[in-house]
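This report concerns only the one structure given below.
Since this is a predicted model, take the numbers as computed values, not measurements.
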Amino acid sequence: MNRIRMIVALALIYMIFAILLNSVGTVILQSIATFGIDKPAASALERYKDLTIAFTSFLVASFLPLFGYRRSMMLALAIVGGACLLMPLYPSFLTTRLLFACVGFSFALAKVGVYSSIGLLTADRTAHSRLTNTIEGLFMVGVLAGNWIFSAYIDPANPGDPVWFNVYWLLAGACALTIALLATSQLDEDAAHAHGHNNSFTDAIMEMLRLFVRPLVYVFLASAFLYVLIEQSFGTWLPTFNNEILKLPNAMSIQFASILAGMTALGRIGAGVVLKRVRWYTLLNACVLGMGVLVVVVLPLARGVVARPDVGWFDAPLAAYLIPLLGLLMAPIYPVINSVALSSLPKPMHAAMTGLIVVFSALGGTLGSYITARVFASFDGIHAFYFSLLPMTLILATLFLFKRETDRAGVDASAATRLAAK
């Protein structure tokens with residue numbers, strides 16, 4: 001029962017942060033309407049979020065086993081809950097930047113805690129992969145729910161009305177409830193300190209440094225970086241693309257963007273079934289190639305759309321329905337490569353490795369959003385989304401190298417086992 005309570009708590013944490021992290025696209029759109037700022041200035045919200053995630057993860061990820069994963073997650077929720085309370089009390093772009101800085105700091109703590117806890121709550125690679133895909137799938141359910149929750153607080157007649165800040169009362173309450181659930185749960189963290197790992201600050205620093213001598217880590221981090229660059233390019237700017245290129249109203253632009261999250265959730269939850277029959281490397285290559293084909297086929301449909309005041313769900317441009325299908329193809333990539341990398345390492349090293357995952361994911365998200373913003377502002381959203389074909393091509397190369405290194409690591413582990421038996 002306690003294990004189930006912890007898993008429920010991990011899922012709720014991830015769903016809360018899913019809503020907050022992926023609200024950046026919605027908040028960018030609303031900040032432009034409410035505060036009258038331009039796109040490059042609004043895109044700074046992505047940097048406040050992602051650079052804070054990267055900085056925090058690099059500094060504290062390896063130290064979290066000393067502080068405790070459960071306490072770290074409770075602290076993360078308390079910080080972000082407090083920031084949510086400030087939003088309706090002091091609505092301004094400055095408060096919005098502060099919120100995303102707090103979200104970034106807190107998510108770094110929460111993600112390391114969640115991923116490391118998965119290792120403590122599972123016994124083998126199969127169970128680890130299954131729980132990781134489930135948690136990541138629920139993350140996308142949170143993204144989907146978040147788009148609808150935010151759109152419900154937007155005034156359709158006056159999108160710039162700051163009434164949308166009231167959504168943060170609801171999010172602050174969700175943080176408080178999850179803290180209460182964690183406070184009444186237990187997590188055995190002894191395995192995080194086994195075999196001389198993470199027993200001091202020196203051990204924690206050395207844990208991070210040890211990872212940098214593994215070629216597998218380099219190619220994995222490159223793959224994670226490129227994936228998040230692609231994901232954030234679409235996830236952050238799709239509401240604005242729907243509004244400016246497909247000529248949809250603000251609230252409807254956000255709701256259509258939620259289809260991307262829904263497809264990603266469906267893909268991640270379904271990936272566990274597919275992976276029983278298809279090798280992970282084959283599946284991920286097929287997904288990347290499918291993404292490229294979809295971009296090339298669908299984006300021309302977005303050209304020349306004329307604004308209509310009475311546009312609805314059943315007569316929106318075809319591209320509004322097809323672009324979110326990218327989520328179904330993107331879905332398995334991130335949780336699968338994370339699970340393969342983490343389950344190849346001893347559990348005491350999971351915190352350090354998760355820290356590196358968070359750092360490079362944050363950098364990829366920041367760079368992807370910034371490039372998309374610049375291209376969007378200089379040309380248009382269609383050119384901005386075409387740019388994603390470059391990282392898609394590069395990720396095929398990094399996946400090949402990642403597969404080669406995981407195979408080599410498997411051979412090395414088998415040889416070590418045979419040597420020990422002798």
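Ring geometry, His383 versus Tyr386: the interplanar angle exceeds 60°, so the pair is classed perpendicular (tilted spans 30 to 60°).
Shortest non-hydrogen contact noted between Ile13 and Leu77 is CG1-CD1, 4.0 Å. The heavy-atom pair separating Phe402 from Val219 by the smallest distance is CA-CG2, 3.6 Å. Listed here is the closest heavy atom pair of Ala320 and Leu248: CB-CD1, 4.3 Å. When all heavy atoms of Ile395 and Ser223 are compared, the closest pair comes out as CD1-O, 3.6 Å. Here the closest non-hydrogen pair linking Ala174 and Ile16 is O-CD1, 3.5 Å. Considering every non-hydrogen atom in both Leu138 and Met15, the closest pair reads O-CG, 3.3 Å.
Within the 4.5 Å cutoff, no side-chain heavy atoms of Tyr48 are placed close to those of Thr96. Looking only at side-chain heavy atoms (C-beta outward), Trp169 and Pro88 come within less than 4.5 Å of each other. Counting heavy atoms from C-beta outward, Phe234 and Val295 have side chains that approach closer than 4.5 Å. Between Thr406 and Val340 there is a side-chain heavy-atom pair separated by less than 4.5 Å. Looking at heavy atoms from C-beta onward, Leu301 lies out of side-chain contact with Pro317 at the 4.5 angstrom threshold. The shortest distance between side-chain heavy atoms of Phe107 and Tyr14 falls below 4.5 Å. Within the 4.5 Å cutoff, side-chain heavy atoms of Met6 are placed close to those of Leu182. Here the side chains of Val288 and Leu399 are in contact, with some heavy-atom distance below 4.5 Å.
Without hydrogens or angle criteria, Thr95 side chain to Pro91 main chain gives no donor-acceptor distance under 3.5 Å. Not a single donor-acceptor pair under 3.5 Å links the side chain of Ser72 to the backbone N or O of Gly113. When atom types are taken as modelled, the side chain of Ser106 and the backbone of Val103 share no donor-acceptor pair closer than 3.5 angstrom. Remark: the backbone N or O of Ile28 is not paired with any side-chain donor or acceptor of Ser31 at under 3.5 angstrom. The backbone N or O of Tyr281 lies less than 3.5 Å from a partner atom in the side chain of Asn285, making a donor-acceptor pair. Between the side chain of Asn22 and the backbone N or O of Val143, no donor-acceptor pair lies under 3.5 Å.
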After noting the C-alpha distance and the side-chain angles of Met330 and Met291, does the key distance pass the side-chain contact (heavy atoms from CB on, under 4.5 Å) rule?
CA-CA 7 Å; Met330 285 193 293; Met291 288 162 57; 3.4 Å; yes

Give the C-alpha distance, both sets of side-chain angles, the deciding distance and a yes or no for side-chain contact (heavy atoms from CB on, under 4.5 Å) between Tyr115 and Ile135.
CA-CA 9 Å; Tyr115 263 60; Ile135 295 292; 5.9 Å; no

For Thr34 and Trp164, run side chain to side chain donor-acceptor pair (under 3.5 Å): C-alpha distance rounded to whole Å, both residues' side-chain angles, the deciding distance at 0.1 Å, then the answer.
CA-CA 10 Å; Thr34 302; Trp164 63 274; 3.1 Å; yes

Evaluate the criterion side-chain contact (heavy atoms from CB on, under 4.5 Å) for residue pair Leu299 and Ile323; output intermediate values, then yes/no.
CA-CA 8 Å; Leu299 285 183; Ile323 291 175; 4.1 Å; yes

Does the pair Tyr168 and Phe150 meet the rule for a ring-ring contact (aromatic ring centres under 6.0 Å, His included), with working shown?
CA-CA 9 Å; Tyr168 291 101; Phe150 269 83; 5.7 Å; yes

Test log, rule side-chain contact (heavy atoms from CB on, under 4.5 Å), inputs Arg5 and Thr184
CA-CA 9 Å; Arg5 287 171 65 86; Thr184 56; 2.4 Å; yes

Side chain to side chain donor-acceptor pair (under 3.5 Å) between Ser185 and Arg70, worked out:
CA-CA 9 Å; Ser185 303; Arg70 189 170 64 94; over 6 Å; no

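Atoms OG1 and CD1, on Thr26 and Ile254 in that order, are 4.0 Å from each other to the nearest 0.5 Å. The structure places CD1 of Ile333 at 9.0 Å from CZ of Arg268, a figure rounded to the nearest 0.5 Å. From Thr52, atom OG1 reaches atom CZ of Arg97 across 12.5 Å, with rounding to the nearest 0.5 Å. Interatomic distance, CZ of Arg277 versus OG1 of Thr282, reported as 15.0 Å (0.5 Å rounding). Rounded to the nearest 0.5 angstrom, Leu238 CG and Asn243 CG are separated by 11.0 Å. The distance from atom CD1 of Ile230 to atom CG of Leu394, rounded to the nearest 0.5 Å, is 8.5 Å.
A donor atom on one side chain and an acceptor atom on the other are not found under 3.5 Å apart for Trp280 and Ser339.
For Phe165, the CZ atom sits in a packed shell: over 12 heavy atoms of surrounding residues, nucleotides or ligands are nearer than 6.0 Å.
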